[in-house]
Amino acid sequence: MDYKVLYRKYRPNDFSNIIGQDYMISILKNAIQNNKISHAYIFSGPRGTGKTSTAKVFAKAINCEHPTIDGPCNECESCKHFKENADIIEIDAASNNGVDEIREIINNIKLAPAYSKYKVYIIDEVHMLSTSAFNALLLTLEEPPKHVVFILATTNIEAVPITILSRCQRFDFHKISLQDILKRLKYVVSKEEIKIDDDALEEIAYISDGGMRDALSILDQLSSKTATITIKDVIEHFGSVSKKQINDLYNTIIENDVDNFDSMMKKFKEVAIDYKVLIRKMLEKIEQEAIKNKKHKDYNGLSYNNLKEIAYELAEISNYINISIDPYVLIEITLLKYFNNQHLNNLEKELKTSQIISREIISPSAEPLLNQPKAEDSQIISREIISSSPASSELINIRINNCFVNAKKDYLQTLKDDWSKFINNLSDKSLLNLLIDCQIVTASDKIGIMTTSVIETSNLINTKLKKIEDLFNNEYNSNYHFIALDETRWNAEKQKYITNLKNKKVYKYMEEPTFEEDQEIIVDNIEKIAYDIFDKEKVKIE
Ligand SMILES: [Zn+2]
């Protein structure tokens, strides 16, 4: 049997069979009808989008004795002998990138065509030519004889010198739409009498990602199967991932099932699922969820912002395609971000307990002397996590206030020394992990403020204050209270403190309104005061 691979067998023989490039085809058809043939064309675009096929149909059409609306008639002598026509010269620059090839073109170019109106040079992957070959080609393109047409094709237009581009009429081929590929596949399947399920055919169109040649190659490889081809065959043989698998993967995020997520990702890697397909399908899933999120009031999946972030982060991973980083690792780490940390879930529970602590401290009659920052206009501690517990946010505000009432350089130095010994001797490993990178940044005789670089850590510390304080106070026979802030919040608080000093506002203990009389603050001293209590951090006084 004279078997031909499908993509060769179904290579277009006129313009009507070229799929998904209607606009460019219409321009080429017009050129033929009006007999306005340029001497050089460049076709750029992804692989398998019809560049070479179009070049050949065009070459055939301009030599056809009776061109039709669809290009070549396929009946005249020129059309019939097109394949063996010595005037149609195909060069694959990927394999013949030498100057010699191009020199040969130059030497022969002046000779009139032997059989046809035009000599047509089709140079595939033209960007692969060496620099000297490009220079030789350039000379030819500058003054080509009337009977010569160049059709250059490239998957990498960026790599083609501008001097070449400026001498060519440029056509950008696009990825072929899924519908167009599907339509063509259906045509081929019916002609070849291949038994295949509709969803399997759709999956092939999907995997081929806009390339008709890939689509037909995949169909080709599966078509040896005698039984009906199913979507399972396609997925197993071509590293794809089913809609169900994508849904399952997405659901592990919603259900916070890290173990299942991890094992699914490992399995994808094991069976070599094309990570680009995985990313594309995941993006589509995210898009569907984002639409649901906006459409349905009772939508209980991820927040719109999270969905948007995932989309952008996955898209970014696609940029690493040619770098030797394991893409599965990147995808896994990216998606893990959207799982709820178990310890943060526990945090919420613990925060409810922390309300009790705060009630001990805040007397009901306490009124803040200063205009305390309201949650909505301060850089509030982890709104997502603590919002369920306004008292703890209040506790933080009050402790910041109370610390500033009597913050002094000496207290800070003493506390820092004690704290450092405390951390060195701390035997509770989980506490140590939390506190090891904390900085004590200011202190009064009763309250120390520590900072962390990550807000989650300070939130977590604030749920464990009682324990920390008990341990610390036992060791130093003191009565210290602490509060943890992330650095952003702390910087904002510092600035606010300075502003308050400038405005001569005075800090007072909030739970003991009678504790201290108002003090006159001398504005000139602000810098010194701030400098002292912030431990020589640079403080800008505006
Ligand atoms: Zn013809």
Side-chain angles (χ1 to χ4, degrees), residues 2-45 48-92 104-105 108-124 126 140-141 144-154 168-173 176 180 183-184 187-188 190-192 212-213 216:
D2 182 18
Y3 182 75
K4 257 189 193 168
V5 290
L6 291 176
Y7 90 84
R8 283 191 199 283
K9 190 169 173 185
Y10 287 91
R11 188 157 238 179
N13 61 356
D14 66 27
F15 286 128
S16 69
N17 294 321
I18 295 173
I19 311 295
Q21 311 292 357
D22 296 352
Y23 175 68
M24 278 166 292
I25 298 303
S26 71
I27 295 174
L28 292 173
K29 278 183 184 175
N30 281 339
I32 294 164
Q33 273 170 359
N34 301 324
N35 205 21
K36 285 189 172 160
I37 312 298
S38 301
H39 65 267
Y41 297 88
I42 187 158
F43 295 170
S44 82
T49 50
K51 299 182 298 295
T52 316
S53 298
T54 305
K56 285 183 178 171
V57 169
F58 186 67
K60 199 199 274 184
I62 58 178
N63 280 319
C64 176
E65 290 156 30
H66 317 288
T68 70
I69 186 81
D70 287 326
C73 73
N74 285 317
E75 279 164 10
C76 68
E77 288 305 303
S78 169
C79 283
K80 275 193 207 159
H81 298 286
F82 178 75
K83 274 175 195 155
E84 55 268 25
N85 188 342
D87 295 325
I88 312 296
I89 300 115
E90 276 189 75
I91 296 163
D92 181 7
E104 212 182 309
I105 296 175
N108 296 326
I109 208 161
K110 294 214 168 72
L111 303 172
Y115 315 96
S116 331
K117 256 190 282 183
Y118 294 100
K119 257 188 177 178
V120 184
Y121 293 91
I122 300 171
I123 308 181
D124 220 349
V126 69
T140 322
L141 286 177
K146 278 212 159 74
H147 59 261
V148 167
V149 173
F150 279 97
I151 306 175
L152 315 178
T154 180
C168 299
Q169 194 178 343
R170 176 171 164 177
F171 289 81
D172 291 327
F173 284 64
I176 303 166
D180 281 341
K183 207 168 133 194
R184 183 72 175 164
Y187 171 78
V188 173
S190 71
K191 284 270 173 195
E192 296 289 313
M212 185 62 79
R213 188 169 55 212
L216 290 174

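Numbering of ligands and ligand atoms starts at 1, following listing order. Only a predicted model underlies this, so the values are computations on that prediction, with no experimental measurement involved. Position 1 is the first residue of the sequence, and the numbers go up from there.
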Among Asn63, Val57, Ile62, whose side chain to side chain contact (heavy atoms under 4.5 Å, CB included) with Pro72 holds?
-> Val57
side-chain contact (heavy atoms from CB on, under 4.5 Å) between Tyr121 and Ile88, intermediate numbers included | CA-CA 6 Å; Tyr121 293 91; Ile88 312 296; over 6 Å; no
Counterpart residues, side chain to side chain contact (heavy atoms under 4.5 Å, CB included), relative to Asn17 (two or more places apart) =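 Residues passing side chain to side chain contact (heavy atoms under 4.5 Å, CB included) with Asn17: Pro12, Asn13, Asp14, Arg184.
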Under the salt bridge (Lys or Arg N to Asp or Glu O under 4.0 Å) rule, collect the residues that match up with Glu65, sequence neighbours excluded.
->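 Listed in chain order: nothing, the list is empty.
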Listed once per pair and sorted, the ring-ring contact (aromatic ring centres under 6.0 Å, His included) pairs that draw on residues 14-40, sequence neighbours left out |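 Residue pairs with at least one partner in residues 14-40: there are none.
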Just the protein N/O/S atoms under 2.8 Å from the Zn ion (ligand 1), please, no waters.
->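 Per the 2.8 Å query on the Zn ion (ligand 1), atoms found are Cys64 SG, Cys73 SG, Cys76 SG, Cys79 SG.
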Is the shortest heavy-atom distance from the side chain of Lys191 to the side chain of Tyr10 under 4.5 Å?
-> yes
